[in-house]
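Accompanying notes for the structure given below.
Order of listing sets the numbers, starting from 1, for every ligand and every atom in it.
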Amino acid sequence: MKKIVILISGRGSNMQALLQAQLPCTIAAVISNRASAEGLSFAAAQGIPTAVISHQDYPTRADFDVALAKVIDQYQADFVILAGFMRILTPEFVSHYCGRLVNIHPSLLPAYTGLHTHARALQDDIKIHGCTVHFVTADLDHGPIIIQAAVPVLCDDTEDVLSERVLLEEHRVYPQAVRWLCDGEVSLIEGKVKFCHQKQASFALISPGLE
Ligand code: GRF
């Protein structure tokens, strides 16, 4: 059975969705860079080993990443799952986990890389928004895409309402992506995402809807 380590920094709702999805893998540990991350207590209550490696304890980003990798590797993780882990990782860290490091981002990449994706989407008055699970590369939020979910942006949406709509889809697609990884259904080969079987899209989303 594959082993995964999940990295969080805060609330941990995606981590919670992963823990509740009965994935075909062992969740070896949940690690946070913040001791106050709310998700840690949920993981601990499920009997998952937890660890805190505070970035504030290290003089440089590189030092922190080395310490983090050392702990992850003690768990012999096959995959490292970033679930709201709010740290930019060094190219050395990313390359150490090439093809084994995935992230979820709250936008339809390559649109809206970085922070405040929902506010920026509303500002631009776009009609379709969403989330993306992707392999992590040194190019922030630009790694090869595994799965995306699209949601409509409605005319009276606030940032909170839109973010909640996207988050519901995050909780559906992230467990699916990790399941594919653990089952060997999807992998990163020569920088491209390869599926063992052709996955068909569910349906078209048209927003606003047709009359
Ligand atoms: C999610 O929106 C995720 O896409 C982004 O950070 C947020 C984390 O939320 N990377 P949670 O901690 O999983 O609840």
Protein contact to atom 6 (O) of ligand 1 [nearest heavy atom, distance to 0.1 Å]:
Gly84 CA, 3.7 Å
Closest protein heavy atom (residue, atom, distance) for atom 1 (C) of ligand 1
Glu170 OE1, 3.1 Å
Working to the nearest 0.5 angstrom, can you tell me the gap between His55 NE2 and Ser9 OG?
8.0 Å
Identify the protein heavy atom lying closest to atom 12 (O) of ligand 1, giving its residue, its atom name and the separation to 0.1 Å.
Gly12 N, 2.8 Å
Check whether any side-chain N or O of Asp65 sits under 3.5 Å from a backbone N or O of Ala62 as a donor-acceptor pair, and report yes or no.
no
Backbone or side chain, does any N or O of Asn103 fall under 3.5 Å from an N or O of ligand 1?
no
Partner of Ile31 under side-chain contact (heavy atoms from CB on, under 4.5 Å), chosen from Leu68, Val52, Leu40
Leu68
Going by the side-chain contact (heavy atoms from CB on, under 4.5 Å) test, name the single residue among Ile48, Ile27, Thr50 that passes it with Ile6.
Ile27
Among all protein heavy atoms in this structure, tell me which lies nearest to atom 11 (P) of ligand 1, with the distance rounded to 0.1 Å.
Ser13 N, 3.4 Å
Please write down residue, atom name and distance for the protein heavy atom closest to atom 9 (O) of ligand 1.
Arg11 NH2, 3.1 Å
Subset of ligand 1 atoms that lie under 4.0 Å from at least one heavy atom of Ile104:
3 (C), 4 (O), 5 (C), 10 (N)
Quick one: do Ile146 and Leu188 end up in the same hydrophobic cluster if we chain Ile, Leu, Val, Met, Phe, Trp and Tyr together by side-chain heavy atoms under 4.5 Å apart?
yes
Calculate, to the nearest 0.5 Å, the distance between atoms CH2 and CZ belonging to Trp180 and Phe195 respectively.
4.5 Å
Answer side chain, backbone, both or neither: which part of Met86 comes under 4.0 Å from ligand 1, heavy atoms only.
neither
